[in-house]
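For reference, the structure discussed in these notes is given below.
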Amino acid sequence: MSVRTRFAPSPTGLLHVGGARTALFNWIYARKNAGTFVLRIEDTDHTRNTEQAKEVILDGLHWLGLDWDEGPQKGGNHGPYYQSERGAIYEDYLSRLEKAGHLYEDNGAIRFRSPREKVVVEDEICGRIEFDLTNPGTHPDLTLRRPDGSWIFHFVSVVDDIEMKITHVIRGEDHLSNTPKHVELYKALGAVPPRFAHMPLILNRDGSKMSKRDEGAALGTYPEAGYAPEAVRNYLSLLGWSPKENREIISTEEVIALFNLDQVNRRNAAFDLDKCFWINGQYLLQMDLARYAELAMPFLEKAGISWPTWESLERVLTIVKPKVKLLKDLPEWVVCFFTEELTYDDAAVAKSLTGETAAERLRKLSDSYASLTSWDAASLEVSLKETAVKLGIKTGELVHPARVAVSGRGIGPGLYEMIEILGKERVLTRFGKGIAKAAGA
RNA sequence: CACCCUAUCGUCCAGUGGCCUAGGACACUCCCCUUUCACGGGAGUAACACGGGUUCGAAUCCCGUUAGGGUGGCCA
């Protein structure tokens, strides 16, 4: 039987990283086994359940690159994939339980009468667990339907997993304790329960539960901050699972190849945004320029930065790329290449571009650059160093004023590369402004 | 309160009875490289929760304690 996994989020208005990881592991497992990954939206009658909230989920999964084979926007043979549209199916399953005598009414709600037995769950991750459900006091009967006719999660989730022929239910450990009750439902419906795999939860660094407001909890903040989806996938797959051999940077393809449910940890993981940040930096560093530009484009456009030719943008991105670790910071690194209205960083100006000495040095550098016949990084470096020798000062004392004059900032890519790209005319103009600024200050 | 899961550096993982005076990565500190900031390289701080067993031998197996997490909803 071919593997079918599913991710079944409820639209709460955000896609939680924990949910994103659950989705990722389901997706990985399906891909590994050439199976089917189903997306089902658990939107049973909720007030918070808006169109926008559903989009957040879909957008998040799209961004992470977790394409589903069946579900919203995609269709499939086991739909509909919104629980709000599956009422007739639930009615049908409910009547089957009714006929078999498993149900009773309680204050208008419909409840399932537990057989009161011991139930064994063979979990792919947690192993064999025996639950004793014989005591109604500690394990009350499941409610399946409210008096107003709306459905309860436990019931519809089981029905859908049967109907959608889910073979592996991979979900958070918070569902483990209710699993034996689900198993009772499967049996009462004459269905074979799927394989279960309960994954450890993701907590905060301090071990507390991650709430919506905690930093990094909402997946939507990652694209905004300028993380690469492949980097976030990498980080998430390392939470509760390991490729062994002390590997950290690993492609999704390799994760799929190496992944196995029985190697998933049983211990809750703490979320560490620092590490995610580092991994992102590694990806950005090694990324080819085409992909980098693709990811960078929205941030540049949003900042109102425009570039004359793709070649010019490419040259700039090439030298700036190793410096930027979050794409949202990219505009401030590249803006000086594409504007004539330079904004100066006050601290950098105060440090390197203030006073007659700085002005005089820049003047000398400007003169030697003005007489330069070849405008390339190597020549620019030679020229600057010669000027420094003539002035009897260290290279850095020329470099810093020049950098601020040319870019407005105290930090940036290699100075000579910057100056080469900027071009002689603009550089000399900026030197002039810098000299005036330093002398006047 | 009951039941379930878990317990290795601050964090994520490696470790499935001897190879462990416990390894890698992030973070942190220091050094080197260097025109800045990064990157890179090197060094360092830092952990088997506790107590009993089992065994020639335990981070690894068993029991207990403690701690954390989860479930016990007519939330999902």
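Throughout, protein chains are lettered first and strands after them, A, B, ... in sequence-line order, and every chain is numbered starting at 1. As a basis for the values below, the full set of heavy atoms in this structure was taken, side chains included, without hydrogen atoms, waters or symmetry mates.
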Distance-only donor-acceptor test, A:S177 side-chain atoms vs B:G72 base atoms, 3.5 Å: no
Under 3.5 Å, is there an N or O donor on one side and an acceptor on the other linking the side chain of A:R266 and the base of B:U6? no
Phosphate OP1/OP2 of B:C12: any A:R21 side-chain N/O under 4.0 Å: no
Assign A:N135 to base, sugar-phosphate, or nothing according to its heavy-atom contacts below 4.0 angstrom with the strands shown. nothing
For A:K244, which contact category applies under a 4.0 Å heavy-atom criterion: base, sugar-phosphate, or nothing? sugar-phosphate
Between B:C37 atom P and A:E332 atom CD, what is the distance in whole Å? 16 Å
Taking any heavy-atom pair under 4.0 Å as a contact, classify A:Q286: base, sugar-phosphate, or nothing. nothing
Any cation-pi pair here, A:R6 with A:W68, using under 6.0 Å and within 45°? no
Nearest-angstrom distance from the residue atom NZ of A:K212 to C1' of B:C75: 11 Å
Could you check A:W241, A:F7, A:F259 and say which one makes a ring pair (Phe, Tyr, Trp, His ring centres under 6.0 Å) with A:F25? A:F259
Measuring only between side-chain heavy atoms, which start at C-beta, is A:E124 closer than 4.5 Å to A:D262? no
Output yes when A:E173 and A:R267 qualify as a salt bridge under the 4.0 Å nitrogen-oxygen rule, no when they do not. no
Applying a 4.0 Å non-hydrogen cut-off, can you work out what A:L415 is touching in the nucleic acid: base, sugar-phosphate, or nothing? base
When the C1' atoms of B:G70 and B:C32 are considered, how many whole Å apart are they? 49 Å
So A:N265, base contact, sugar-phosphate only, or nothing? Heavy-atom distance under 4.0 Å. sugar-phosphate
Under 3.5 Å donor-acceptor pair, A:E245 side-chain atoms to B:G24 base atoms: no
In whole Å, what is the span from the CH2 atom of A:W278 to the C1' atom of B:G40? 13 Å
Under 4.0 Å, counting only non-hydrogen atoms across every strand here, what does A:P243 touch: a base, just sugar-phosphate, or nothing? nothing
